[in-house]
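Scope of the values below: all heavy atoms of this structure, side chains included, with no hydrogens, waters or symmetry mates. Note that the structure is a prediction, hence the values are computed from the model and not measured.
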Amino acid sequence: MKRILTILKQSLSGEERDYTEGNIQKAIILLAIPMVLEMIMEGLFAIVDAYWVSKISVNALATVGLTESVITMVYALAIGLSAAATATVARRVGEKRPDLASRAALQATILAVVVAVLIGVPGFIYSDNILGLMGAEPDLIAECSGYTKIMFGTNIVIMLIFLFNAIFRGAGNATYAMYALWISNGINIVLDPLLIFGWGPFPAMGIEGAAIATVIGRGVGVAFQLVLLLRGVGIVKLVINRIGFHWETMKKILDVAAGGAFQYIIMSASWVFLMRIIAEFGAEAMAGYVTAIRIIIFTFMPLWGLSNAAATLVGQNLGAKKPDRAEKSAWQTAHFSTGVLLTIALVLVTFAPIFLPYFNPEPAVIEAGVLTLRIFCVSYVIYAYGLVFSQAFNGAGDTKTPTVINFICFWLIEIPLGYLLAIRLNWGLAGVCWSVAFAEALMSVVFIWLFRKGTWKTVEI
């Protein structure tokens with residue numbers, strides 16, 4: 001117990017460490033603990049947010065699903081930039097060049113601000129049209145479009161909180177990323193019921209209150225991150241008087257970010273198409289599916305934390321010219337992650353009918369949620385390897401390989417198969433869920449094969 005507490009204290013202290021030396025398992029644990037805790041809080045926010053929104057109406061929960069299925073395009077760009085930031089910063093840190101790591105962080109920040117503005121303005125103006133294209137009924141649009149306007153109009157806080165945490169993780173300062181997300185989502189969780197239902201001195205704003213709570217929480221988190229980065233707490237520092245385009249650095253970031261962005265755009269677009277198919281089966285099916293996805297997001301957070309640790313270790317060790325250590329780090333992380341995911345699958349399959357009614361007591365919504373969870377769990381036997389190795393490719397700066405794999409598995413297989421099973425063969429929601437399970441299992445097999453080939457070790461950024 002004393003040893004466990006010592007490691008926990010070390011991992012949460014924020015001390016700078018060299019992850020290119022020493023015991024690999026210890027390096028994974030020290031990086032993974034704050035990353036897992038960071039992701040757990042993100043998942044907890046998703047669960048709590050879905051819980052409170054579900055108390056408004058089925059339309060409100062469906063709106064969140066429709067909005068998120070589109071705004072995940074924003075997440076996709078943010079995560080794409082974040083993948084580039086993590087890979088570039090980690091590589092420079094591994095090379096022992098913190099000045100170049102700081103330059104890369106600043107250039108990635110400039111890109112994020114530009115992209116957020118380009119997305120936010122049209123998204124705010126045409127929010128009603130976006131919901132309509134997604135299959136929302138007129139009454140749903142009239143009741144809930146304000147949520148969509150707010151989320152698009154303030155997407156810059158989403159972009160920056162993703163990016164800054166990626167910078168911290170690439171530098172090995174995962175503790176700061178954890179603190180930022182805990183502060184952000186802690187505020188969001190507290191504000192959600194206050195602003196939605198008008199508790200205490202607050203006005204009741206319904207679903208728009210959920211959006212405002214998110215913006216305030218994320219905004220405070222971004223402010224916290226900026227303070228750390230501007231003060232230079234840790235390896236990376238943002239220097240205001242150096243703001244401007246450094247074209248050589250920008251080109252390298254764009255090269256990696258392009259693959260990362262398209263990688264996640266492909267994933268997000270597949271989510272949009274699948275939600276459009278599910279919309280054919282009514283608001284109850286969408287609400288059940290969205291609730292199940294929120295639960296899956298929460299239970300997946302430890303895996304995302306572990307895969308992010310793998311990305312950092314791969315990037316830093318490649319920078320230190322230690323490709324074998326980078327490979328061992330990824331394999332050990334994947335083995336451990338598989339054990340975690342199989343435990344999660346057992347819990348979801350067994351207890352889904354028990355905890356789903358807490359989100360929405362309507363039988364049709366519960367039935368859709370249970371169905372979604374149980375089918376998705378089929379692919380969990382192998383999915384952890386796909387997730388970890390995907391992040392390992394990204395950490396190496398090879399974002400193009402995951403992009404190609406995602407395109408094949410999600411666009412050429414998952415979407416057509418989902419349409420065939422759900423619409424043509426009348427499987428309904430189950431058809432969409434089986435298409436997802438099959439595509440993710442296939443993706444994992446392909447990632448294992450390509451990772452073993454080792455071409456990612458030769459990538460230069």
Please determine whether side chain to side chain contact (heavy atoms under 4.5 Å, CB included) holds for the pair Glu440 and Ile382, giving the CA-CA distance in whole Å, both sets of side-chain angles, and the decisive distance to 0.1 Å. CA-CA 9 Å; Glu440 289 183 347; Ile382 196 171; over 6 Å; no

Can Tyr383 and Phe300 be said to form a ring pair (Phe, Tyr, Trp, His ring centres under 6.0 Å), step by step? CA-CA 11 Å; Tyr383 181 66; Phe300 262 40; 5.5 Å; yes

Please report the C-alpha distance between Leu306 and Met35 in whole Å, then the side-chain angles of each, then the deciding distance to 0.1 Å, and finally whether the side chain to side chain contact (heavy atoms under 4.5 Å, CB included) criterion is met. CA-CA 7 Å; Leu306 286 162; Met35 290 184 183; over 6 Å; no

In this structure, which one of Arg325, Lys96, Lys322 forms a salt bridge (charged side-chain N to carboxylate O under 4.0 Å, His left out) with Glu21?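 Running salt bridge (charged side-chain N to carboxylate O under 4.0 Å, His left out) over Arg325, Lys96, Lys322 with Glu21 returns exactly one hit, Lys322.
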
In terms of side-chain geometry, is the basic nitrogen of [X] or [Y] positioned less than 4.0 Å from the acidic oxygen of its partner?
X      : Y      : value
Glu248 : Lys251 : no
Lys237 : Asp99  : no
Lys149 : Glu208 : no

pair [X]-[Y]: side-chain heavy atoms closer than 4.5 Å:
X      : Y      : result
Val314 : Leu318 : yes
Phe393 : Thr399 : no
Thr109 : Leu238 : yes
Leu274 : Phe410 : no
Glu38  : Thr175 : no
Ile212 : Met205 : yes
Trp304 : Leu387 : yes

Exactly one of Leu228, Val220, Leu226 should register a side-chain contact (heavy atoms from CB on, under 4.5 Å) with Phe224. Which one does?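 Answer to the side-chain contact (heavy atoms from CB on, under 4.5 Å) test with Phe224 among Leu228, Val220, Leu226: Leu228.
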
Exercise: do [X] and [Y] side chains pair donor with acceptor under 3.5 Å:
X      : Y      : value
Asn188 : Thr214 : yes
Asn406 : Thr403 : no
Asn394 : Gln263 : yes

Applying side-chain hydrogen bond (donor to acceptor under 3.5 Å, both in side chains), can you list everything that pairs with Thr338, at least two apart in sequence or on another chain?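 Checked Thr338 against side-chain hydrogen bond (donor to acceptor under 3.5 Å, both in side chains); zero matches.
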
Kindly write out the residues that satisfy side-chain hydrogen bond (donor to acceptor under 3.5 Å, both in side chains) with Ser102, not counting sequence neighbours, or none if the list is empty.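 With neighbours one apart ignored, the set is empty.
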
Determine, using ring centers only, whether Phe447 and Phe389 are less than 6.0 Å apart.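 Not close enough - the centres of the two rings lie 6.0 Å or further apart.
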
Phe168/Tyr176 aromatic ring centres below 6.0 Å: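 Between Tyr176 and Phe168, which both carry aromatic rings, the centre distance is below 6.0 Å.
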
Residue pairs passing the salt bridge (charged side-chain N to carboxylate O under 4.0 Å, His left out) test where at least one lies in residues 448-461, sequence neighbours excluded: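 Sorted result for residues 448-461: Asp324-Lys457, Glu327-Lys457.
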
